[in-house]
Amino acid sequence: MFGTIAKLDKQAFQYVFALSEQREWLLLARKISKTGDGPFYFIFSLTLLVSQAKGGELFSLALAAFILELPLYLLLKNAIRRTRPCHRGVVYLEAMPVNVEQGDSLLPVTAVHSSKQFEPSDKFSLPSGHTAAAFVMATSIWAIYPQWLLLVYSWAIAIGLSRIALGVHYPLDIVAGAVLGSGSVVTVLFIAGY
């Protein structure tokens with residue numbers, strides 16, 4: 001069963017990753033991924049804190065959820081230690097995967113397009129930190145501003161997909177990040193008695 005899940009995970013990765021071979025999709029993936037960087041959340045929350053009546057609730061909820069999510073994220077990432085796809089020696093040429101590590105081909109690693117290279121901030125992939133943070137924010141926003149549900153979850157999913165397109169995460173990393181991020185907010189809401 002686990003073998004089947006791992007195979008499906010890699011096939012889904014290959015599909016999404018191959019889509020980003022088009023330069024426009026790659027540039028879009030980089031821009032979307034950038035919105036998942038930490039400073040954006042702080043600026044967004046701070047802006048709502050000073051401009052919206054419920055901004056303080058959002059700020060407090062997101063802060064409490066990040067306080068819970070971050071240590072769990074670090075613990076999981078360093079305990080599981082799943083190698084990122086970009087560090088496995090897998091390159092994609094003409095939408096065909098070639099595993100350089102196992103010697104399946106005579107093609108050199110340098111055959112991958114240089115525009116595709118994207119170096120993440122750490123070496124392990126499970127769970128996706130960008131996705132976990134995006135789902136902390138999306139779930140926090142949804143809890144305070146339910147009318148934004150479709151927008152914020154679409155954005156969080158787009159961040160997860162962008163991380164696959166950039167070659168730094170497998171789909172299961174994204175699912176784990178989404179569960180961790182959303183679960184952190186739900187846990188805080190439960191503890192707070194919502």
Side-chain angles (χ1 to χ4, degrees), residues 5 9 12-13 16 28-85 118-194:
I5 292 171
D9 190 35
F13 166 79
V16 174
L28 181 61
R30 286 185 181 195
K31 288 177 183 176
I32 291 170
S33 180
K34 190 82 170 151
T35 69
D37 292 349
F40 174 77
Y41 303 126
F42 180 72
I43 293 166
F44 180 78
S45 297
L46 199 56
T47 300
L48 289 180
L49 175 66
V50 298
S51 67
Q52 295 284 316
K54 291 186 172 185
E57 288 179 62
L58 174 63
F59 189 85
S60 298
L61 176 57
L63 181 61
F66 275 118
I67 289 171
L68 176 61
E69 177 267 335
L70 188 58
L72 291 173
Y73 157 77
L74 292 170
L75 179 71
L76 289 168
K77 188 160 274 215
N78 289 301
I80 298 168
R81 303 173 69 88
R82 185 181 196 191
T83 304
R84 291 180 181 273
F118 182 86
E119 191 59 37
S121 59
D122 60 52
K123 22 188 248 194
F124 303 121
S125 70
L126 182 66
S128 166
H130 273 76
T131 306
F135 275 85
V136 163
M137 281 307 294
T139 307
S140 296
I141 292 168
W142 165 74
I144 306 301
Y145 302 100
Q147 67 274 20
W148 292 0
L149 172 89
L150 186 60
L151 176 66
V152 295
Y153 279 105
S154 295
W155 165 75
I157 290 167
I159 287 178
L161 289 173
S162 76
R163 303 300 287 171
I164 299 169
L166 293 171
V168 295
H169 284 291
Y170 292 103
L172 285 179
D173 304 340
I174 303 309
V175 171
V179 169
L180 176 61
S182 295
S184 296
V185 176
V186 169
T187 300
V188 169
L189 290 170
F190 178 76
I191 291 170
Y194 275 89

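Values in this document were obtained by computation on a predicted structure and should not be read as measured data. All values below come from the heavy atoms of this structure, side chains included, with hydrogens, waters and symmetry mates left out. Numbers here simply count residues along the sequence, with the first being 1.
- Looking only at side-chain heavy atoms (C-beta outward), Asp37 and His130 come within less than 4.5 Å of each other.
- At a threshold of 4.5 Å between non-hydrogen side-chain atoms, the residues Tyr153 and Thr139 count as touching.
- The two residues Ala178 and Thr131 make their nearest non-hydrogen contact at N-CG2, 3.7 Å.
- Note: Asp173 CG to Ile164 CD1 = 8.0 Å, rounded to the nearest 0.5 Å.
- Distance check, rounded to the nearest 0.5 Å: CD1 of Ile67 to CG of Leu63 gives 4.0 Å.
- Between the side chain of Ser60 and the backbone N or O of Gly56 there is at least one donor-acceptor pair closer than 3.5 Å.
- When all heavy atoms of Gly129 and Lys77 are compared, the pair lying nearest together is N-NZ, 4.4 Å.
- For the pair Ser154/Leu150, a side-chain contact is recorded, criterion being any heavy-atom separation below 4.5 Å from C-beta on.
- Counting heavy atoms from C-beta on, the side chains of Leu76 and Leu126 never come closer than 4.5 Å.
- Between Ile80 atom CD1 and Leu75 atom CG the span is 8.5 Å, to the nearest 0.5 Å.
- Within the 3.5 Å criterion, the main-chain N or O of Ile159 finds a donor-acceptor partner in the side chain of Ser162.
- Nearest heavy-atom pair across Leu189 and Ala143 is CD1-CB, 3.9 Å.
- The minimum heavy-atom distance between Tyr41 and Met137, with the atom names listed, is CD2-CG, 2.9 Å.
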* To do: Show the numbers, then the answer: is there a side chain to side chain donor-acceptor pair (under 3.5 Å) between Ser128 and Tyr170?
  => CA-CA 9 Å; Ser128 166; Tyr170 292 103; over 6 Å; no
* Run the numbers on Leu61 and Val185 for side-chain contact (heavy atoms from CB on, under 4.5 Å), then give the verdict. => CA-CA 7 Å; Leu61 176 57; Val185 176; 4.1 Å; yes
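- Atom CZ of Arg30 and atom CG of Leu166 lie 6.5 Å apart (nearest 0.5 Å).
- Across Phe59 and Ser45, no two heavy atoms sit closer than the pair CD1-CB, 3.7 Å.
- Of all non-hydrogen atoms in Ser182 and Phe135, the two that sit nearest each other are OG-CD2, 3.4 Å.
- When side chains are defined from C-beta on, Phe44 counts as touching Ile141, because their heavy atoms get closer than 4.5 Å.
- In Phe40, the CZ atom is crowded: over 12 heavy atoms of neighbouring residues, nucleotides or ligands sit closer than 6.0 Å.
- With contacts defined as side-chain heavy-atom distances shorter than 4.5 Å, the pair Ser140/Val136 qualifies.
- Between Leu70 and Phe66 the shortest side-chain heavy-atom distance does not fall below 4.5 Å.
- For the atom pair Glu57 CD and Ile144 CD1, the distance stands at 4.5 Å (nearest 0.5 Å).
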* Is there a side-chain contact (heavy atoms from CB on, under 4.5 Å) between Tyr145 and Val152 once you walk through the steps? -> CA-CA 10 Å; Tyr145 302 100; Val152 295; over 6 Å; no
